A.B. asks: 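Quick one: this structure, given as C-alpha cells, is what I'll be asking you about.
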Protein chains: 2
Amino acid sequence: MTRVLVVDDEPQIVRALRINLRARGYDVDAAPDGRTALDLAARRHPDVIILDLGLPDMEGAEVIKGLRGWTSVPIIVLSARHASEEKVETLDVGADDYVTKPFGMDELLARLRAAVRRAAPPEEDAVIVTDDFTVDLAAKKVGRDGADVRLTPTEWHVLEVLVRNTGRLVSQQQLLREVWGPSYENETGYLRVYLAQLRRKLEKDPSRPRHLITEPGMGYRFER
Amino acid sequence: MTRVLVVDDEPQIVRALRINLRARGYDVDAAPDGRTALDLAARRHPDVIILDLGLPDMEGAEVIKGLRGWTSVPIIVLSARHASEEKVETLDVGADDYVTKPFGMDELLARLRAAVRRAAPPEEDAVIVTDDFTVDLAAKKVGRDGADVRLTPTEWHVLEVLVRNTGRLVSQQQLLREVWGPSYENETGYLRVYLAQLRRKLEKDPSRPRHLITEPGMGYRFER
DNA sequence: GGCGTCCTTGACGACCTCGTGGCAACGCCC
DNA sequence: GGGCGTTGCCACGAGGTCGTCAAGGACGCC
C-alpha cells in the first residue's frame, strides 16, 4: 500500500486529505509541524510527502533540506502563496511539485499519482542470487536451500539497503539513517547485532561471512 | 548539455522559451505540432520535453501516450486551460507536471530543473585504472591482481584525496588538513607512515613507487 | 492476562588501527 | 666531504571497533 505523510498545521486540511486519501486506498500519516514531520518520515518511510509551507516551527525549505539529506522521497508542496520566488526556491531546494491553495482535490490527487509513478522503480526483476541464498526485493522474500528464511522487519530493511547497493560500501551512518532514521547515526551497536543475526540466518559459515562483509571502521558491503 | 524539446504552435512562445533556455545553457529543439514532436523526440532523445496542449494536429494526451510507449523522459505540459479534469487526465496519461498559461518564466525553469534533477541517473561509478591496481571511488574499493585490497579508513582517505587530484601535486598541508583536520598540518610524520603502507599494499615495487610519488619538500602526487 | 516476537541495551574479550618514537638512508647546501 | 633536514621503515602500546551473548522491555495476538 502506498503510504502518504501529510504535513499541515490546519486540522481541517489534514482531515480532508486523510478522508480523500484513505478512500482511495492510501495509508495516511499526519504531522502538524516540521519536527514531527522529519521524525515520522524517518520512522515510517512514506512513499510520498505532502508538505504545507506555513508550519509553526520551521521554514518549509528547512524541512525539505532535512529530508533531502537522506531520502529522495517525492515531496509535493502546498502553499497559500502564489509568489514566483517562493515557488522557485522551494523547487530548487528539492521539492518535486508545488500546488497553491486553494487546490482542487482531483488535481492534487493526480499530481500525487504522477509523483508516485515517477518514483516507482522501473520494473525491477529483482531477484539477487548468491551461492548460499537468494533475495527477492519485489516480493520481500529471502530463500535458502529451497525454503524461505524468516526475517524480522528490521533485518529485512538492513538487508534490503545492502542488496540495493550490491558491491558498494555502505557506511554505518548511511545504513543507520536509512533504516532507523537520521537521529540514530551513532547507534553503531544496532548494526553489530543485526548484521550478526543476518549472517546467522544467511551465511554458510557465519563466523567467516562471504556476502555480508564488514569493512572495519568504514561500513558494510553486500557481495554477490 | 541538457537538451530540451519545446512543442508549441505559437511562434512567440517558442521564441521566448528558446531565448531563455539557451541563455541558461540548455540545448533547444522545437516542434510546432505533435507529429514533428514525436519524430524529434525519437531522433534527438531530449532530456526533458515542454509540451503545449493546444496543438493543431493531435490531442495532447495522444502525444503523451505516443511518447510514453517507449520513453520515460520527463514531460512538462503547458496549457491555457485551468479545468481540473484536463489536468487530471493529462497527468494520468503520463505527464510529469502541468503549468497553466500565462506562466512565469522563473517558475517554469524551476519546474524544469526539478524534472531534470529527478530523472538524473544516480551518479555513475568512476573507476581509476593503473597498470598495477584499480580504485573505485563510489564503491570505496581497491583491487589488485583481481582480488580486493583491504585498506584501513585512514589509508583509504589518504588515497582518495590523492586520486581525486590525479596528476596534480597535493601539498602535505593540504593532505593533512583533508584527512586529519586543520590542526594537524605539521604532523608530516603521519604521511610518511601512511604513504609507506599504501605503497606496500599497492605498488609492485614499494621501494620504487610509480603511482604514489613523493615530491620532496612539497607533497605527494598520484599518477595513473 | 499470558505468550511470543521483536527491538533495544549493556558487558566483555579478541582483534586491529592509529599514533608515536627511533633509526638508517638519502639528497641538498655549504 | 661534512652537516642538516627530509624521507622511508620498523616495532610497540593505547585506545577503539567488532562480534557475541544475554537480559530487559515494548508490543501485538490470542
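Atoms considered below: every heavy atom in the structure, side chains included; atoms not considered: hydrogens, waters and symmetry mates. In what follows, every chain begins at residue 1, and chains take the letters A, B, ... in the order their sequences are listed. Worth saying up front: this structure is predicted, and the values here are computed from it rather than measured.
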A.B. asks: Of the options C:dC18, C:dC6, D:dC21, whose atoms approach the side-chain atoms of A:Thr152 most closely?
C.D. replies: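 Among the listed nucleotides, the one closest to the side chain of A:Thr152 is C:dC6.
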A.B. asks: Under 4.0 angstrom, heavy atoms only, what part of the nucleic acid is B:Gly217 near: base, sugar-phosphate, or nothing?
C.D. replies: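 Touches sugar-phosphate only.
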A.B. asks: Do A:Leu108 and A:Leu17 come close enough that some side-chain heavy atom pair is under 4.5 Å?
C.D. replies: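 In short, these two side chains touch, coming nearer than 4.5 Å.
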A.B. asks: Describe the nucleic acid contact of B:Arg150 in one word from base, sugar-phosphate, nothing, applying a heavy-atom distance below 4.0 Å.
C.D. replies: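 Sugar-phosphate only.
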A.B. asks: Can you tell me how far C1' of D:dT6 sits from CD1 of B:Ile213, to the nearest Å?
C.D. replies: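 B:Ile213 atom CD1 is separated from D:dT6 atom C1' by 18 Å.
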A.B. asks: Take the protein atom CD of B:Gln197 and the nucleotide atom P of D:dG8, then report the distance between them rounded to whole Å.
C.D. replies: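 The answer, rounded to whole Å, is 13 Å.
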A.B. asks: Under 4.0 Å, counting only non-hydrogen atoms across every strand here, what does A:Glu215 touch: a base, just sugar-phosphate, or nothing?
C.D. replies: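 A:Glu215: no heavy atom of the nucleic acid under 4.0 Å.
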A.B. asks: For B:Arg113 and B:Tyr26, which heavy atoms make the closest approach, and how far apart are they?
C.D. replies: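 Distance-wise, the nearest heavy atoms are CG-OH, 3.7 Å.
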A.B. asks: Taking CD from A:Gln172 and C1' from D:dG16, how many angstroms apart are they, rounded to a whole number?
C.D. replies: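 Distance check: A:Gln172 CD to D:dG16 C1' gives 12 Å.
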A.B. asks: Describe the nucleic acid contact of A:Tyr220 in one word from base, sugar-phosphate, nothing, applying a heavy-atom distance below 4.0 Å.
C.D. replies: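 Since only primed, P, OP1 and OP2 atoms lie under 4.0 Å of A:Tyr220, the category is sugar-phosphate.
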A.B. asks: Of the candidate nucleotides D:dC9, C:dC6, C:dG10, which contains the atom at the shortest distance from the side chain of B:Ser207?
C.D. replies: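 For B:Ser207, the side-chain atoms sit closest to D:dC9.
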A.B. asks: Between C:dT9, C:dA11, C:dT8, which nucleotide has the shortest distance from any of its atoms to the side chain of A:Arg192?
C.D. replies: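 For A:Arg192, the side-chain atoms sit closest to C:dA11.
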A.B. asks: Does A:Arg3 CZ have over 12 foreign heavy atoms under 6.0 Å away?
C.D. replies: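 Buried by this count: over 12 neighbours within 6.0 Å.
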A.B. asks: Measure from CD on A:Glu203 to C1' on D:dG19 and round the result to the nearest Å.
C.D. replies: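 Distance, rounded to whole Å: 14 Å.
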A.B. asks: Whole Å only: how far is the CG atom of A:Asp205 from the P atom of D:dG19?
C.D. replies: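 For the pair A:Asp205 CG and D:dG19 P, the rounded distance is 14 Å.
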A.B. asks: Without decimals, in angstroms, what is the distance between B:Trp180 CH2 and C:dT17 C1'?
C.D. replies: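 Rounded to whole Å, this separation is 12 Å.
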A.B. asks: So, B:Arg81 and B:Thr90: side-chain donor and acceptor under 3.5 Å apart, yes or no?
C.D. replies: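 Checked: B:Arg81/B:Thr90 side chains show no N/O donor-acceptor pair below 3.5 Å.
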A.B. asks: Could you check how far OH of A:Tyr194 sits from C1' of D:dG19, rounded to whole Å?
C.D. replies: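 Distance, rounded to whole Å: 16 Å.
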A.B. asks: How long is the straight-line distance from OH of A:Tyr184 back to CZ of A:Arg177, given to the nearest 0.5 Å?
C.D. replies: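 It comes to 15.0 Å.
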A.B. asks: For a quick test of reading the model: is some side-chain N or O of A:Tyr190 closer than 4.0 Å to OP1 or OP2 of C:dC7?
C.D. replies: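 The answer is no; no side-chain N or O of A:Tyr190 sits under 4.0 Å from OP1 or OP2.
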A.B. asks: Base, sugar-phosphate or nothing for B:Thr214? Non-hydrogen atoms, less than 4.0 Å.
C.D. replies: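 If one applies the 4.0 Å heavy-atom cut-off, B:Thr214 turns out to touch the sugar-phosphate alone, with no base involved.
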A.B. asks: Atom NZ of A:Lys201 to atom P of C:dT5: distance rounded to whole Å?
C.D. replies: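 One finds 11 Å between P of C:dT5 and NZ of A:Lys201, rounded.
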